[in-house]
*Asks:* 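Let me give you the structure first, and then I'll get to my questions.
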Amino acid sequence: MLTLLKLLRDGRFHSGQALGAALGVSRSAIWKQLQHLESDLNLSIHKVRGRGYQLAAPLELLEQDQLAASPWPVSIHHSLDSTNAEALRAVDRGVTAPFVVLAERQTAGRGRRGRKWVSPFAENIYYSLVLRMDGGMRQLEGLSLVVGLAVLNALRDVGVSGVGLKWPNDVLVGNKKIAGILLELVGDPADVCHVVLGIGINVNMRVASEVDQAWTSVFLESGAAVNRNVLVSRLNDSLLMYLKRHEVSGFSAIQAEWEQNHLWQGREVSLIAGVHRVDGTVLGIDQQGALRMRVEGEEKVFSGGELSLRLRHDS
Ligand code: BTN
């Protein structure tokens with residue numbers, strides 16, 4: 001199916017006979033594969049008698065040779081349950097970190113707090129970078145916030161304006177989410193462990209009725225389709241730079257820059273942890289990346305992957 005897709009991706013007409021000859025299969029086998037492309041990948045294909053088949057729009061796929069020299073080995077998959085899940089399986093198989101897993105689509109993309117990450121084919125970026133950590137807890141401090149800053153800068157690099165962060169690691173334009181980050185860890189965080197930095201960026205997505213929160217995409221913000229190979233290359237460069245700074249100088253060296261990009265500094269918020277809720281004002285973050293809030297006149301500090309923030313009274 002992938003070979004057929006590669007033949008069709010130029011957006012031109014191809015006759016059933018030519019496609020069959022290229023793949024060494026019958027015209028009816030081509031017909032069946034085309035139906036799979038439409039139903040499985042949600043692609044629209046024009047079928048015109050006498051001319052053949054044409055994708056409704058040309059398709060730009062992720063390609064090794066179009067990624068600028070990557071600092072880490074990258075594997076590109078046509079379809080995965082989740083790039084984070086595949087990254088964890090690779091760690092289990094003994095693949096040496098660091099490495100990156102990319103997919104054109106995810107059938108069970110994972111979001112924070114058990115949510116699903118909507119991952120249609122060839123529209124967005126689904127990216128997992130695996131790092132081996134042997135420096136104890138200090139190396140993990142603020143890591144997910146650092147990744148947020150790296151994603152934000154990659155988006156600015158491709159021309160998205162008005163982009164900012166929401167603690168702990170949502171990347172937003174206004175109140176709409178453009179990228180999400182999910183860190184997963186295996187091993188002993190106090191000794192040797194592997195951490196998967198899972199990043200989802202909405203790139204060329206225009207409609208997605210299944211997304212259950214306010215969202216946007218690079219296309220919707222900039223009005224132009226973005227080459228995902230270029231954005232992955234920018235993301236690699238940005239991550240490399242921020243992760244190096246974090247490793248060398250620790251999170252405290254990044255804290256001020258993170259706060260400058262925090263959209264909700266000084267805002268009235270509710271912090272939600274399951275059924276519990278704490279109301280207060282955002283003061284900022286501490287040197288470990290924990291959230292500082294004023295609650296009933298006192299400063300309190302909160303951390304943990306299951307927490308999330310909401311604005312109160314449209315403050
Ligand atoms: C969030 O809920 O904000 C986090 C979303 C993280 C999505 C990315 S897509 C690539 C990687 N693989 C996954 O299954 N999830 C992360």
Side-chain angles (χ1 to χ4, degrees), residues 62 67 72 74-92 95 97-131 143-152 154-155 163-186 194-205 208 210-218 228 231-232 234-236 238-239 262-264 271-274 289 291 304-310:
L62 296 167
L67 298 177
W72 307 290
V74 177
S75 62
I76 300 174
H77 300 255
H78 173 64
S79 178
L80 284 175
D81 50 354
S82 144
T83 55
N84 271 24
E86 175 57 25
L88 289 166
R89 289 191 290 266
V91 170
D92 230 33
V95 176
F99 61 89
V100 171
V101 179
L102 272 173
E104 289 288 9
R105 75 160 175 174
Q106 299 183 118
T107 52
R110 301 173 181 171
R112 286 181 64 228
R113 294 177 292 118
R115 292 169 95 146
K116 178 180 166 184
W117 188 257
V118 173
S119 311
F121 181 77
E123 292 186 22
N124 299 325
I125 290 174
Y126 319 115
Y127 174 110
S128 297
L129 167 63
V130 182
L131 302 175
L143 184 61
S144 76
L145 282 74
V146 173
V147 175
L149 206 46
V151 172
L152 172 123
L155 287 169
V163 64
L165 300 165
K166 177 186 130 187
W167 187 89
N169 53 21
D170 284 345
V171 186
L172 308 179
V173 179
N175 282 335
K176 298 179 189 165
K177 190 148 158 173
I178 192 165
I181 292 156
L182 177 69
L183 263 57
E184 296 190 65
L185 196 140
V186 274
H194 285 87
V195 58
V196 179
L197 313 179
I199 300 170
I201 306 180
N202 298 332
V203 186
N204 292 319
M205 192 157 76
E210 324 86 286
V211 181
D212 59 0
Q213 54 189 327
W215 67 275
T216 187
S217 67
V218 179
R228 292 172 305 138
L231 184 47
V232 168
R234 298 284 166 87
L235 180 62
N236 278 337
S238 185
L239 279 166
H262 192 202
L263 293 168
W264 290 12
L271 182 70
I272 315 286
L291 181 73
E306 294 305 304
L307 302 175
S308 79
L309 279 185
R310 305 227 178 104

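Each ligand, and each atom within it, is numbered from 1 in the order the structure gives.
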*Asks:* Check for me whether Gln106 has a heavy atom closer than 4.0 Å to any atom of ligand 1.
*Replies:*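 Yes.
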*Asks:* Counting from 1, what ligand 1 atoms have a heavy atom of Gly200 closer than 4.0 Å?
*Replies:*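 So the answer, numbered in order with elements, is 7 (C), 8 (C), 9 (S).
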*Asks:* Under the 3.5 angstrom rule, does the side chain of Asn175 hit a backbone N or O of Ala214 as a donor-acceptor pair?
*Replies:*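 No, the answer is negative, given that no donor and acceptor are paired below the 3.5 Å cut-off.
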*Asks:* Counting heavy atoms only, which of Glu86, Arg110, Arg115 comes nearest to atom 6 (C) of ligand 1?
*Replies:*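 The option holding the nearest heavy atom is Arg110.
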*Asks:* Regarding Ser119 and Arg105, is there a side-chain donor-to-acceptor distance under 3.5 Å anywhere?
*Replies:*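 Looking only at side-chain atoms, Arg105 and Ser119 do not form any donor-acceptor pair under 3.5 Å.
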*Asks:* Give a yes or no on this: more than 12 heavy atoms of other residues, nucleotides or ligands lie within 6.0 Å of atom CZ of Arg310.
*Replies:*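 For Arg310, atom CZ is not crowded (no more than 12 foreign heavy atoms under 6.0 Å).
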*Asks:* At a 4.0 Å threshold, what atoms of ligand 1 neighbour a non-hydrogen atom of Gly109?
*Replies:*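 The list of qualifying atoms is 14 (O).
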*Asks:* Enter the distance from Ile125:CD1 to Thr83:OG1 here, rounded to the nearest 0.5 Å.
*Replies:*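 Interatomic distance, Ile125 CD1 to Thr83 OG1, rounded to 0.5 Å: 11.5 Å.
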*Asks:* Answer yes when Glu210 and Lys116 have at least one side-chain N-carboxylate O distance shorter than 4.0 Å, and no when they do not.
*Replies:*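 Result for this pair is no, no salt bridge flagged.
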*Asks:* How close do Trp117 and Gly180 get, counting heavy atoms only, and between which atoms?
*Replies:*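 Nearest heavy atoms, Trp117 then Gly180: CH2-N, 3.6 Å.
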*Asks:* Show which atoms of ligand 1 fall inside a sub-4.0 Å distance from at least one heavy-atom site of Tyr127.
*Replies:*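 Once the distances to Tyr127 are compared, the set is 10 (C).
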*Asks:* Please indicate whether any nitrogen or oxygen in Thr83 is less than 3.5 Å from any nitrogen or oxygen in ligand 1.
*Replies:*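 There is such a contact, yes.
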*Asks:* Flag Lys177 as yes when one of its N or O atoms lies below 3.5 Å from any N or O atom of ligand 1, and as no otherwise.
*Replies:*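 N/O-N/O distance below 3.5 Å exists for this pair.
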*Asks:* Could you see which bit of Ile181 sits under 4.0 Å from ligand 1, with heavy atoms only: side chain, backbone, both or neither?
*Replies:*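 Near ligand 1, Ile181 shows its backbone, while the atoms from C-beta on stay back.
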*Asks:* Has the side chain of Asn124 got a donor or acceptor atom that lies under 3.5 Å from a matching backbone atom of Val203?
*Replies:*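 Yes, because the side chain of Asn124 sits within donor-acceptor range (under 3.5 Å) of the backbone of Val203.
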*Asks:* Using a plain distance cutoff, I'd like to know if Arg112 has any nitrogen or oxygen under 3.5 Å from a nitrogen or oxygen of ligand 1.
*Replies:*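 N/O-N/O distance below 3.5 Å exists for this pair.
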*Asks:* At what distance is the nearest protein heavy atom to atom 5 (C) of ligand 1, and which residue and atom is it?
*Replies:*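 So the nearest neighbour among protein heavy atoms is Trp117 CE3, 3.4 Å.
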